[in-house]
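FYI, side chains are in, hydrogens and waters are out, and symmetry mates aren't considered; it's all heavy atoms of this structure. Chain A is the first sequence line, chain B the second, and so forth, proteins listed ahead of strands; every chain is numbered from 1.
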Protein chains: 2
Amino acid sequence: MSPEEKKRTEEIIIGVAEKVFIRDGFSGTRMQTIADEAGLNKALLHYYYRSKQKLFYAVLKRLAPKLFAPVLGVLYEELPFFEKIEKFVHRYIDEISQKNPNLPLFVISEMEKNADDIIPILVRAIDSREISPIEIFRRDMEREIKAGNLREMDHKQLFVSILSMAIFPFVGRPLIMQLARFQNHEYDLFIQERKKFIVEFVINSIKIQKTGVE
Amino acid sequence: MSPEEKKRTEEIIIGVAEKVFIRDGFSGTRMQTIADEAGLNKALLHYYYRSKQKLFYAVLKRLAPKLFAPVLGVLYEELPFFEKIEKFVHRYIDEISQKNPNLPLFVISEMEKNADDIIPILVRAIDSREISPIEIFRRDMEREIKAGNLREMDHKQLFVSILSMAIFPFVGRPLIMQLARFQNHEYDLFIQERKKFIVEFVINSIKIQKTGVE
DNA sequence: GTCTATAATGTGATAGAC
DNA sequence: GTCTATCACATTATAGAC
C-alpha cells in the first residue's frame with residue numbers, strides 16, 4: 001500500500017478516536033467502538049498507536065493547539081479593552097459552537113481525573129507565549145483603571161467571570177436545560193443570543209460612566 | 001448479626017459508593033474500589049444492591065434531594081430580589097465547598113452521558129414544587145423592572161449568568177488554575193472571596209441607580 | 001498494512017462455605 | 001450477613017496469515 005494510504009489510515013483512526021473520546025470520555029471509550037466507526041479493525045489501532053493510552057495522548061496532543069490558541073490569541077491583539085472582551089466572548093462561543101460543543105466538558109473531565117499526565121500536554125498549548133494570557137489581561141485592566149474607564153477590581157475574579165459565563169452554558173447544558181426549562185431546539189438560539197448579552201452584562205458592570213458634568 | 005449492623009453495612013457501602021462514584025464517574029468506578037475503601041468484599045455490594053447500575057441509582061436517589069433543595073429553596077423565600085441573589089450565591093458556594101467540590105462536575109458529566117436514565121431521578125428533586133424555580137425568578141424580575149429598580153433583560157440569560165459564575169469555578173477548577181495561574185492553596189481563598197465579588201458584579205450590572213435629580 | 005483468531009487481563013456478578 | 005473462590009463476559013493487546 002502506498003505511503004499516502006498509510007498516512008490516510010493513521011489520520012482516519014486519530015480523527016475518529018478524537019470524536020469518540022470527546023463523546024464517551026477515556027474510560028467510557030472502547031477500542032472496538034473506534035474501530036467500528038472508522039470501518040477498520042481493532043488490530044490496526046494497536047498497529048499504529050500501540051495502546052489505548054498512547055492513542056488518547058496522541059489525540060490530546062493534536063487537539064491542544066486547536067483548543068486554546070484561537071481564543072487566547074485574542075487577548076494578545078492590540079485592541080481597546082472593551083472591544084477585546086467583546087471579541088473574546090464572540091470568538092469563544094463561535095469556535096465551540098462550530099467545532100464541538102462537548103469539547104469543554106471533555107477537557108475539564110479528563111484534566112480532573114488524570115491531572116498529572118494530561119495537564120503538561122495541554123499546558124504547552126496555553127503557555128506558548130512569553131507573557132501569560134492572564135498577565136496580559138491584568139495589564140490591560142490596570143491601564144483602563146488608570147485612565148478612569150474601569151472600576152477597580154480583582155483581575156482574576158473578572159477573568160474567571162467572563163470565562164464562566166461563556167463556557168458554562170456548554171459544559172452545564174443538561175443541568176441548565178432542566179433548571180431553566182429549555183426545549184432542545186431553543187438552546188442553540190439561547191447560546192447565540194448569549195454573546196451579546198454577556199458583553200453588555202460585563203461592560204455595564206465594570207465600566208465607569210463618564211457624565212457630562214464634573 | 002443484629003439488624004443495626006446490617007443497616008450499618010448497607011449505609012457504609014452506599015456512603016463509600018457515593019464518594020467513589022463522584023470521584024471516578026460511573027464508568028471509571030470499579031466495584032472492587034468501593035469494596036476496598038469500605039473495608040468489605042465485593043460480594044457484599046452485590047448482596048445489598050445486586051448490580052453496579054442499581055447501586056449507582058441508589059446513590060443518585062439519596063443524593064438528589066441534598067443536591068438542589070437547599071440552594072433552590074432560597075428562590076422561594078420572601079426576600080427582596082437583590083438580597084435573594086446574594087443569599088443564593090452565598091448558599092450555593094458554601095454548600096458545595098463544605099459538601100463536595102466535585103459534585104457539580106459529577107452531576108453534569110453523568111447527566112450528559114446517560115440523560116434518559118438519570119435526569120428523571122434528578123428532576124423529581126428539582127421540580128418538587130408547584131411553580132418552577134425559573135418561573136419564580138422571572139416573576140421577581142418582572143416586579144423589580146416595574147418598580148424601576150432593574151434594567152430590562154432576558155430572565156434566563158441572567159439566571160444562567162449567575163449560575164455560571166457560581167458553579168463554573170468548581171467544575172472548571174483544573175482549567176482555571178492553569179489559565180489564571182493559581183497555586184493549589186490560593187484557590188480556596190479565591191472561591192471564598194468570589195461570593196462577594198459575584199454579588200457586587202451582578203447587582204452593579206443590573207441595578208438602575210436612582211439619582212437625586214429627576 | 002490489514003486482516004482473523006486468540007491470548008491475557010480486567011471486571012461485574014454468583015455459588016457456596018461459614 | 002459475610003467471606004473466599006470462581007464464573008462469565010468484556011476489553012485491551014498480540015500473534016500470525018495474507
Side-chain angles (χ1 to χ4, degrees), chain A residues 1-62 106 109-110 113-114 117-118 121, chain B residues 1-62 106 109-110 113-114 117-118 121:
Chain A
M1 205 137 282
S2 72
E4 280 134 34
E5 295 214 17
K6 176 189 166 179
K7 188 68 189 170
R8 208 172 131 260
T9 301
E10 208 174 334
E11 279 301 314
I12 289 172
I13 291 173
I14 202 168
V16 173
E18 177 180 311
K19 192 185 76 178
V20 177
F21 275 127
I22 290 174
R23 190 186 63 208
D24 298 343
F26 178 77
S27 67
T29 291
R30 304 284 156 259
M31 294 295 265
Q32 188 63 58
T33 308
I34 298 172
D36 290 347
E37 299 196 16
L40 301 167
N41 61 78
K42 261 189 318 182
L44 269 181
L45 274 53
H46 288 95
Y47 174 79
Y48 282 108
Y49 296 97
R50 283 198 39 131
S51 74
K52 184 183 173 183
Q53 270 294 338
K54 287 191 169 61
L55 174 55
F56 182 69
Y57 291 149
V59 167
L60 274 190
K61 277 194 192 112
R62 210 183 64 134
F106 166 75
S109 295
E110 301 302 332
K113 280 174 196 162
N114 201 357
D117 294 335
I118 290 172
I121 297 176
Chain B
M1 205 138 279
S2 71
E4 282 135 35
E5 295 214 18
K6 177 190 164 179
K7 188 67 189 170
R8 208 173 129 259
T9 300
E10 207 174 334
E11 278 302 314
I12 289 172
I13 290 173
I14 202 168
V16 172
E18 177 180 310
K19 192 184 75 177
V20 176
F21 275 128
I22 290 174
R23 191 187 62 209
D24 299 343
F26 178 77
S27 68
T29 291
R30 304 286 157 256
M31 294 297 265
Q32 189 63 56
T33 307
I34 298 173
D36 290 348
E37 298 196 16
L40 301 166
N41 62 77
K42 259 191 318 183
L44 269 181
L45 308 195
H46 287 95
Y47 175 76
Y48 282 107
Y49 295 97
R50 286 202 30 140
S51 74
K52 185 183 173 183
Q53 271 293 339
K54 287 191 169 63
L55 175 54
F56 183 69
Y57 290 149
V59 167
L60 273 190
K61 277 193 191 112
R62 210 182 64 132
F106 166 75
S109 296
E110 301 302 331
K113 279 173 196 164
N114 201 357
D117 294 336
I118 290 172
I121 298 176

**Q.** Intra- and interstrand pairs of DNA chain C - dot-bracket, Watson-Crick/G-U under 3.5 Å, | marks other strand
**A.** ||||||||||||||||||
Q: Could you list all the salt bridge (Lys or Arg N to Asp or Glu O under 4.0 Å) pairs where at least one residue sits in residues 21-31 of chain A, not counting sequence neighbours?
A: A:R23-A:E37
Q.
The criterion is side-chain contact (heavy atoms from CB on, under 4.5 Å); which residues satisfy it with A:N41, sequence neighbours excluded?
A. A:A43, A:L44
Q.
Test of understanding: with side-chain contact (heavy atoms from CB on, under 4.5 Å), list the residues that count as partners of B:K113, not counting sequence neighbours.
A.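 Counting only residues at least two positions away or on another chain, B:K113 forms a side-chain contact (heavy atoms from CB on, under 4.5 Å) with A:K113.
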Q. Heavy-atom distance under 4.5 Å between the side chains of B:L55 and B:I34, does that happen here?
A.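 Result yes, sub-4.5 Å side-chain heavy-atom pair found.
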Sequence-distant partners of [X], side-chain hydrogen bond (donor to acceptor under 3.5 Å, both in side chains), two or more places apart:
X	value
A:S27	B:S27
A:N114	none
A:E18	A:R62
A:D117	A:Y57

Q. With sequence neighbours left out, what residues match B:F56 under ring-ring contact (aromatic ring centres under 6.0 Å, His included)?
A. B:F21, B:F26
Q: Would you please name every residue forming a ring-ring contact (aromatic ring centres under 6.0 Å, His included) with B:F106, sequence neighbours left out?
A: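 Residues passing ring-ring contact (aromatic ring centres under 6.0 Å, His included) with B:F106: none at all.
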(Q) Output the rounded distance in Å from OH (B:Y48) to P (C:dA13). (A) 18 Å
Q. Whole Å only: how far is the CG atom of A:L45 from the P atom of C:dC3?
A.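 Answer to the nearest Å: 11 Å.
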Listed pairs, N/O of protein and of nucleotides 14-18 of chain C, under 3.5 Å:
none

**Q.** Which nucleotide in C:dC3, D:dA13, C:dG12 has an atom nearest any side-chain atom of A:K52
**A.**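 From the listed options, D:dA13 comes nearest.
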Q) Under 4.0 Å between a side-chain N/O of B:N41 and OP1 or OP2 of D:dC3, yes or no? A)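 For B:N41, the contact criterion (side-chain N or O under 4.0 Å from OP1 or OP2 of D:dC3) is met.
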Q) Got a sec? Which of residues 20-39 of chain B come in under 4.0 Å of DNA chain D, heavy atoms? A)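 Output list: empty, so none.
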